[in-house]
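Here's the structure we're looking at; comments come further down.
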Amino acid sequence: MGDSNPSAADTILAFEQIAAMQKGVQILKAGLKDEPEEHKPHVFVVLGASGDLAKKKIYPTLWRLYIDGLLPENTKFIGYARSKLTVDDIKEKCSPFLKVQDSEKDKVEEFWKVNSYVAGLYDKQADFKNLDTHLTTLSANASRLFYLALPPSVYDTVTSNIKSSCMTKVAGCWTRVIIEKPFGKDLDSSEKLSKHLAKLFTEDQLYRIDHYLGKEMVQNLLCMRFGNRIFGPVWNRDNIAAVVITFKEPFGTQGRGGYFDEFGIIRDVMQNHLLQIMCLTAMEKPVSMAAEDIRDEKVKVLKAVTALTLDDVVLGQYQGDPDGKTEDSKKGYRDDPTVPKGSKTATYALACLNVANERWDGVPFILKCGKATNERKAEVRIQFKDVPGNIFPDGQLKRNELVMRVQPGEAVYCKMMTKVPGMAIGAEETELDLTYNHRYEGVKMPDAYERLILDVFLGSQMHFVRTDELREAWRIFTPLLHTVESAGGPTPIAYKYGTRGPKEADDLARKRGLLYTGTYQWKSLNKL
Ligand SMILES: NC(=O)C1=CN([C@@H]2O[C@H](COP(=O)(O)OP(=O)(O)OC[C@H]3O[C@@H](n4cnc5c(N)ncnc54)[C@H](OP(=O)(O)O)[C@@H]3O)[C@@H](O)[C@H]2O)C=CC1
Ligand SMILES: O=C1O[C@H](COP(=O)(O)O)[C@@H](O)[C@H](O)[C@H]1O
């Protein structure tokens with residue numbers, strides 16, 4: 001592993017090591033039983049190879065995995081899209097996003113040499129037969145991965161065509177299909193898509209990506225919770241006052257308003273990324289680290305979540321800040337020319353969820369997300385209850401908080417009280433601080449997509465969304481979304497670009513039990 005050019009032997013070693021680690025925790029599902037997977041050929045097909053996601057995320061990820069020697073030794077990449085392009089065209093589109101070091105120049109040429117491109121329509125079976133012929137010519141006995149970097153409107157036809165024309169027929173090889181959100185727009189449309197997919201593929205052939213499940217700190221939740229004795233006994237309604245799961249971005253829709261307006265912030269971030277983080281925070285300990293055991297627990301906790309109503313949420317929409325420092329910040333959501341006039345789509349949402357089970361009933365799980373806010377941040381914040389039987393002067397003790405910061409700068413910190421150092425005997429707020437940049441200086445953190453695509457090669461579904469999980473996620477949000485989008489639905493509260501969002505959101509969080517004192521001072525000379 002590492003950044004230098006790996007030899008074929010290094011490649012095999014790296015794949016073997018990761019596979020062995022996965023195996024060690026019993027999550028490997030397929031492949032490595034007879035012949036080692038790393039010696040078998042694989043083809044990775046990017047459907048929608050001419051698009052934005054492909055150029056910004058998928059090709060750069062494949063390149064990174066390739067240069068880091070993490071893929072099986074004989075993997076070939078195939079782009080497929082409607083435009084009549086060549087590999088050189090794809091290479092040109094992707095090059096600003098590939099991050100190639102000077103020392104990697106030769107290797108990147110090798111990477112493009114194992115790429116090819118096939119032009120074809122998404123709804124024409126003959127074109128998929130042509131793709132199949134191409135794949136067979138490249139490698140007759142390869143396992144096949146198909147990545148749908150496509151708009152959801154063509155998922156049905158593309159998956160039908162993969163099934164009818166492109167599945168591997170070779171014994172010992174497999175076919176896997178990777179799908180990006182949105183997985184429908186509500187419970188009905190999602191169920192329709194799930195039923196369609198279930199007719200074509202088995203669950204273990206389907207990989208629904210939620211890229212937040214590939215982030216270091218999100219994956220660390222399991223380890224933090226179930227690998228430490230200190231948290232288990234206090235992780236419940238007797239000790240925890242509120243849980244806050246936050247996503248914020250300091251920029252607006254940046255010209256993607258047309259797409260965004262169809263979905264809104266709840267579908268874009270809350271129903272998937274934040275809810276997945278909530279599952280990992282609230283679920284019971286799985287029987288083992290096997291993917292199905294983990295996914296079973298996630299489904300169980302989702303089933304205990306009460307469906308949301310309007311009373312549980314605050315919605316906001318950003319307005320331009322006339323004094324903003326950038327041109328973007330002067331523009332409100334509705335000033336984006338791609339956003340329909342008078343749109344009531346929310347760009348900010350706070351929702352208080354209740355998990356009606358023995359561990360959590362009554363503890364608000366506050367999910368909040370916003371575009372065009374004051375900072376980039378994603379975190380999980382566990383706020384503990386007040387200390388019972390306080391012996392300190394009134395107001396001196398502040399609530400403990402355990403914060404897992406997903407980004408920027410991975411960190412875990414615990415806000416706690418300590419004696420004021422020196423002659424005084426009072427208590428003051430401080431923190432136990434695990435900042436990754438200090439503790440793990442120089443350790444390379446893989447991008448979420450790198451981890452997840454590698455997982456697909458390895459057949460590990462631990463970090464992918466199962467059909468029943470998705471169904472429960474939509475059950476929680478669909479009634480709310482339908483109310484919000486009905487004729488008499490609420491108008492989102494305006495908030496200024498670059499702020500924390502509507503004040504009403506803080507009011508609701510406070511009413512449900514979150515206490516913000518604003519007294520905590522973090523003193524660190526080190527940068528994040
Ligand atoms: N290892 C590290 O790098 C550490 C860094 N720090 C840094 O110290 C700073 C302060 O720590 P933090 O944990 O945020 O603690 P604070 O107690 O200052 O704030 C807690 C959170 O409350 C929210 N908040 C702010 N104003 C209000 C309000 N009026 N009503 C309700 N909620 C409010 C903010 O989140 P939001 O705006 O999302 O609602 C804020 O993050 C942060 O920048 C943090 O990153 C602290 C400890 C360790
Ligand atoms: O899925 C999405 O996530 C991105 C934010 O991802 P991050 O990894 O940069 O935090 C968000 O901008 C986008 O709107 C949403 O669709």
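The figures that follow rest on heavy atoms only: side chains count, while hydrogens, waters and symmetry mates do not. Both ligands and their constituent atoms are indexed starting at 1 by order of listing.
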Worksheet item: Against heavy atoms of Thr246, which atoms of ligand 1 measure under 4.0 Å?
Response: 38 (O)
Fill in: Heavy-atom nearest neighbour in the protein, as seen from atom 13 (C) of ligand 2, with distance rounded to 0.1 Å
Asp268 OD2, 3.6 Å
Worksheet item: Atoms of ligand 2 less than 4.0 Å from Lys371 heavy atoms?
Response: 11 (C), 12 (O), 13 (C), 14 (O)
Response to the item:
One finds that the ligand 2 atoms under 4.0 Å from a non-hydrogen atom of Lys181 are 1 (O), 2 (C), 15 (C), 16 (O)
Worksheet item: Below 4.0 Å from any atom of ligand 1, is there a heavy atom belonging to Glu401?
Response: no
Worksheet item: Relative to each other, are the rings of Tyr413 and Tyr520 parallel, tilted or perpendicular (30° and 60° limits)?
Response: parallel
Worksheet item: Which word best sums up how the rings of Tyr80 and Tyr122 line up, parallel for under 30°, tilted for 30 to 60°, or perpendicular for over 60°?
Response: tilted
Worksheet item: Tell me, which protein residue and heavy-atom name are nearest atom 10 (O) of ligand 2, and how many Å apart are they?
Response: Tyr212 OH, 2.4 Å
Discussion item. Which residue and atom name correspond to the protein heavy atom nearest atom 9 (O) of ligand 2, and how close is it?
Written reply: Arg376 NH2, 4.2 Å
Fill in: Tyr348 to Arg500 - nearest heavy-atom pair and separation
CE1-O, 3.5 Å
Discussion item. Parallel, tilted or perpendicular, judged at 30° and 60°: which one describes the rings of Phe77 and Phe111?
Written reply: tilted
Practice prompt. Look up atom NE2 in His211 and atom CG in Asn272, then write down how far apart they are to the nearest 0.5 Å.
Written response: 9.5 Å
Discussion item. If the cut-off is 4.0 Å to any non-hydrogen atom of Thr435, which atoms of ligand 1 fall inside it?
Written reply: 1 (N), 2 (C), 3 (O)
Discussion item. With a cutoff of 4.0 Å, is Arg510 in contact with ligand 1, counting heavy atoms of the residue only?
Written reply: no
Worksheet item: Taking atom CG of Leu221 and atom CD of Gln276, what is their separation to the nearest 0.5 Å?
Response: 11.5 Å
Worksheet entry | Test of proximity, Tyr259 against ligand 2: N or O pairs below 3.5 Å | no
Worksheet entry | Verdict with reasoning, Asp386 to Arg399, per salt bridge (Lys or Arg N to Asp or Glu O under 4.0 Å) | CA-CA 6 Å; Asp386 293 321; Arg399 288 182 175 180; 3.1 Å; yes
Item to complete: Around atom 1 (O) of ligand 2, find the nearest protein heavy atom and jot down its residue, atom name and distance.
Response: His273 NE2, 2.7 Å
Discussion item. Could you check whether any heavy atom of Gln521 sits closer than 4.0 Å to an atom of ligand 1, since that is the contact criterion I want to use?
Written reply: no
Discussion item. I'd like to know if Lys503 contacts ligand 1, where contact means a heavy-atom distance under 4.0 Å to any ligand atom.
Written reply: no
Worksheet item: Quick one: nearest non-hydrogen protein atom to atom 12 (O) of ligand 2, plus distance?
Response: Glu249 OE2, 2.4 Å
Discussion item. For atom 6 (O) of ligand 2, what is the closest protein heavy atom, and at what distance to 0.1 Å?
Written reply: His211 NE2, 3.2 Å
Worksheet item: Step by step, would you call Thr435 with Asn437 a side-chain hydrogen bond (donor to acceptor under 3.5 Å, both in side chains)?
Response: CA-CA 6 Å; Thr435 301; Asn437 266 359; over 6 Å; no
Discussion item. Determine whether Lys344 and Gln317 satisfy the following criterion, side-chain hydrogen bond (donor to acceptor under 3.5 Å, both in side chains), listing intermediate values before the conclusion.
Written reply: CA-CA 8 Å; Lys344 292 206 301 186; Gln317 190 186 73; over 6 Å; no
Worksheet entry | Contacting atoms of ligand 2, where contact means under 4.0 angstrom from a heavy atom of Lys215 | 7 (P), 8 (O), 10 (O)
